Structure formats: C-alpha cells, structure tokens
Amino acid sequence: MVDDERQQQQQAPLPGASLGHNLIPLVNELQETLAQLGSFSSIELPQIVAVGNQSSGKSSVLEALVGRDFLPRGSDIGTRRPLVVHLKRKPADHQEYAQFLHIQGRNFYDFNEIRTEIQAETEREAGGNKGISDKEIHLKIFSPNMLDITLVDLPGITKVPVGDQPSDIEARIRTMIMSYIKNPSCLILAVTPSTADHANSDALQIAGVADPDGYRTIGVITKLDIMYNAGKFMPHRLIPLRLGYVGVVNRSQEDITLNRTIEYALAAEEEFFRSHPVYSQIADRCGVPQLGKKLNQILVHCINTVLLGLESRIGATSDSLPEELAGYGEIAH
C-alpha cells in the first residue's frame, strides 16, 4: 500500500516544459561519458549552474524544478560538493528512479535514500565537519514527468569559516563557482533572496564577472512572499539582465517540518501569485513553472549553437587529416 502511494506521488505531473527532449538527452549522455572517462575534452557542453549565498533558497529552487525533496539542507552548508543532476524523461508507463555515477548497477526509488547517499558521498570526500570539495557527485533522475535538463548545484557562498573549513573559504568557493560559470556555454542561475540588497547580491556580482553582458544569466529572486515591498521586483528596479528575472516562493521551514510535498508548495505558490495585486500583473515572470519553461527554451537554443559549432570543427578536422597523414610519409609494405 505504501509503495503504491509512493508510486502515485512519483507519477504526479511536474511543472515546466519538455521542449527539445530529443536533443538534450544526447548531451546528457555525452556529459556522463566524459565524466566516466575523466576526459578533459575541449567540447564545451551547456549546463545550468545555480549560484548564490548560503541560505539564499538555491536548494529549494532546484528541488522545485526537479519536483522532489532530495537535497541535504540545514543551518550549515547543505551543498558541500558540486552536485550534477541529470533529469531525464521516460515514457509514461515507467516508474521514477535515480542512479548515481559512483554506484554502478543500483536504482534508487526512495528520494530519502537519495538524500542520505548524497550526504554519505559528500562526507567520504569532504569529511564530516562542514568541509568542502570540488569533486563532483553525478546523479541521474529518470521520470515520465521530468524536464530533460542538467542542473549543477554548488556550495553557497559563505563569509565565515566553520568546522574544518579553511580561513579562505569564501575565496575557495568563489574560485569553484567561477570554474563552472566562466564557461561561455554555461547558463547561470543567479539566486538572490528578496530580502537582500540586489545591488550588492553576491550571486549577481559573481555572475556579472563571468557574464558581464548578461547574455547567459537568469536572475532568480526567492522568497517573494516575505518581501515587504512588492514593487522592488519590478524590472526597472533590478540590475539589467538580457534573460531577465523570475520570482519564486520557496517552501517555508514550516512546510519542511510538516513534510508538505513539493506539489503542495507549488500549488500554494500559484495561488499566491494569482491573488497578489502586483505579481498577478507579471505572471510570465513569476513561479517555478515559468522558470522551468525559460530554462528549457534557453538550453535548447544553446545546445543547437554548440552542436553547430562542433559540426564545423569536425568538418575542419576532417579536411586537415589527409595533409596530416601525408606528413608521415608512405607506409612500408
């Protein structure tokens, strides 16, 4: 009975769009293959990387996009190693499950077990006292209702070292973040809480260094339900980004404590924006479903651009091969 209820929950429709699902899985497979081979290939594959301060609501945003509660969280740093999450669509009659790259041949059907394994694998590499590591954890989630997309969750920027963290923890995390977002094909999800001063947002600041023209940065303003002045979310009041901003409502601590589902939180978010006198006027920029659609559309465009460039490079390499082979001379028989 419990298994049946769990499967029904897993089959619940999730927010967002599935544009380009025939193209994006190919890139996901390439990413996994490169990781397994430890390749330093010059092929730059697009990913969506979430950056923000500790406690900015970054993990809640990613969980809402996935539609499942599976990321470690707490008063300290929840994300202590880069977590690469490949979301993959399956046919409607398939059960939802997950796989870790470091555990071959095992499927995970319980998202509580996934959270436990992320915590355990984090501690294997980064220790048990709040240390961080730049070694990636790769997780694939298969579902009939998932967006075909790859997300990367990075440790949140923190100012004060705790536990086993070095005195230069902020600089180290910033360096780690930059190693991902400096990639010209990376899409940056700059997460800033509505209660923060957006002009001094660490997420927008570091994104601006890597993407000064704002061509590949989406601003995500979290916790809009606790913003005292809704007018602050108006576009003319924010740092200009060509891809714009999306406002979201995070699950509250009460929601987490009472074990309320992601679906419950998304329904509450929809009702909040629908009934709000200001946000209801900018519905196309509010809510996790809108964020999911924007991300998928942009990723499809980026992947097409990358593959076109790769095709040109392969063609150029093929053209140069006869000349290169001729340089080796004739083969003795």
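Given the structure is predicted, the values throughout are model-derived calculations rather than measurements.
The CG atom of Leu83 sits 9.5 Å away from the CG atom of Leu154 when rounded to the nearest 0.5 Å. Within the model, atoms NZ of Lys293 and CG of Asp284 stand 10.5 Å from one another, a figure rounded to the nearest 0.5 Å. Between the OG1 atom in Thr116 and the CZ atom in Phe111 there is a gap of 13.0 Å [rounded to 0.5 Å]. One finds the CD atom of Gln99 at 10.5 Å from the CD1 atom of Ile114 (value rounded to the nearest 0.5 Å).
Scored by the ring pair (Phe, Tyr, Trp, His ring centres under 6.0 Å) test, Phe273 finds Tyr279 as partners (sequence neighbours excluded). Residues forming a side chain to side chain donor-acceptor pair (under 3.5 Å) with Ser56 (at least two apart in sequence, or on another chain): none.
Here Arg174 pairs with Asp202 in a salt bridge; the nearest charged N to carboxylate O distance falls below 4.0 Å. Comment: Glu125 does not engage Arg80 in a salt bridge, judged by the lack of any side-chain N to carboxylate O separation of less than 4.0 angstrom. Salt-bridge annotation for Glu263 and Arg68: present, with a side-chain N of the basic residue lying under 4.0 Å from a carboxylate O of the acidic one. Glu117 has a carboxylate O that lies under 4.0 Å from a charged side-chain N of Arg124, or vice versa, which qualifies the two as a salt bridge.
Within a 6.0 Å radius of CD in Glu170, other residues, nucleotides and ligands contribute more than 12 heavy atoms.
Applying the salt bridge (Lys or Arg N to Asp or Glu O under 4.0 Å) test to residues at least two apart or on different chains, the pairs with a partner in residues 50-62 are Lys58-Asp153.
In the hydrophobic cluster analysis, where Ile, Leu, Val, Met, Phe, Trp and Tyr join through side-chain heavy atoms closer than 4.5 angstrom, Tyr264 is grouped apart from Phe272. Placement of Val152 and Val209 within a single hydrophobic cluster is found when ILVMFWY residues are connected by side-chain heavy-atom separations under 4.5 Å, directly or transitively. Note on Ile188 and Met178: same hydrophobic cluster, where clusters join Ile, Leu, Val, Met, Phe, Trp and Tyr whose side-chain heavy atoms are under 4.5 Å apart, directly or indirectly.
In summary, the side chains of Gln54 and Thr158 do present a donor paired with an acceptor at a separation below 3.5 Å, with no hydrogens or angles considered. There is a side-chain donor-acceptor pair under 3.5 Å between Glu136 and Tyr180.
Under the 3.5 Å distance criterion, the side-chain polar atoms of Asp110 are matched with a main-chain donor or acceptor of Asn112. A distance-only check finds a donor-acceptor pair linking the side chain of Arg216 to the backbone of Ala210 [under 3.5 Å]. At least one donor-acceptor pair closer than 3.5 Å links the side chain of Lys294 to the backbone N or O of Leu243. In this structure, Arg242 contributes its side chain and Gly214 its backbone to no donor-acceptor pair below 3.5 Å. Side chain of Asn250 to main chain of Ser60: no donor-acceptor pair is present (N/O by atom type, distance under 3.5 Å, no hydrogens or angles).
The two atoms that bring Ile132 and Ala126 nearest to each other are C-CB, 4.0 Å, heavy atoms only. The two residues Ser201 and Thr192 make their nearest non-hydrogen contact at OG-OG1, 2.7 Å. Closest of all the heavy-atom pairs between Ala98 and Ile141 is CB-CG1, 4.1 Å. Contact detail for Ile226 and Ser194: the closest heavy-atom pair is CG1-OG, 4.3 Å. Between Ile173 and Pro155, the shortest heavy-atom distance links the atoms CG2-O, 3.6 Å.
The residue from Val220, Ile262, Leu266 that alone fulfils the side-chain contact (heavy atoms from CB on, under 4.5 Å) condition with Val288 is Leu266.
Ring-centre distance between His138 and His86: below the 6.0 Å cut-off.
With a 6.0 Å cutoff to the six-membered ring centre and a 45° limit on the axis angle, Arg115 does not count as a cation-pi contact of Phe70. A cation-pi arrangement, defined by a distance under 6.0 Å to the six-membered ring centre and an angle within 45 degrees of its axis, is present between Arg106 and Phe108.
Using a 4.5 Å heavy-atom cutoff, the side chains of Val85 and Leu62 are not in contact.
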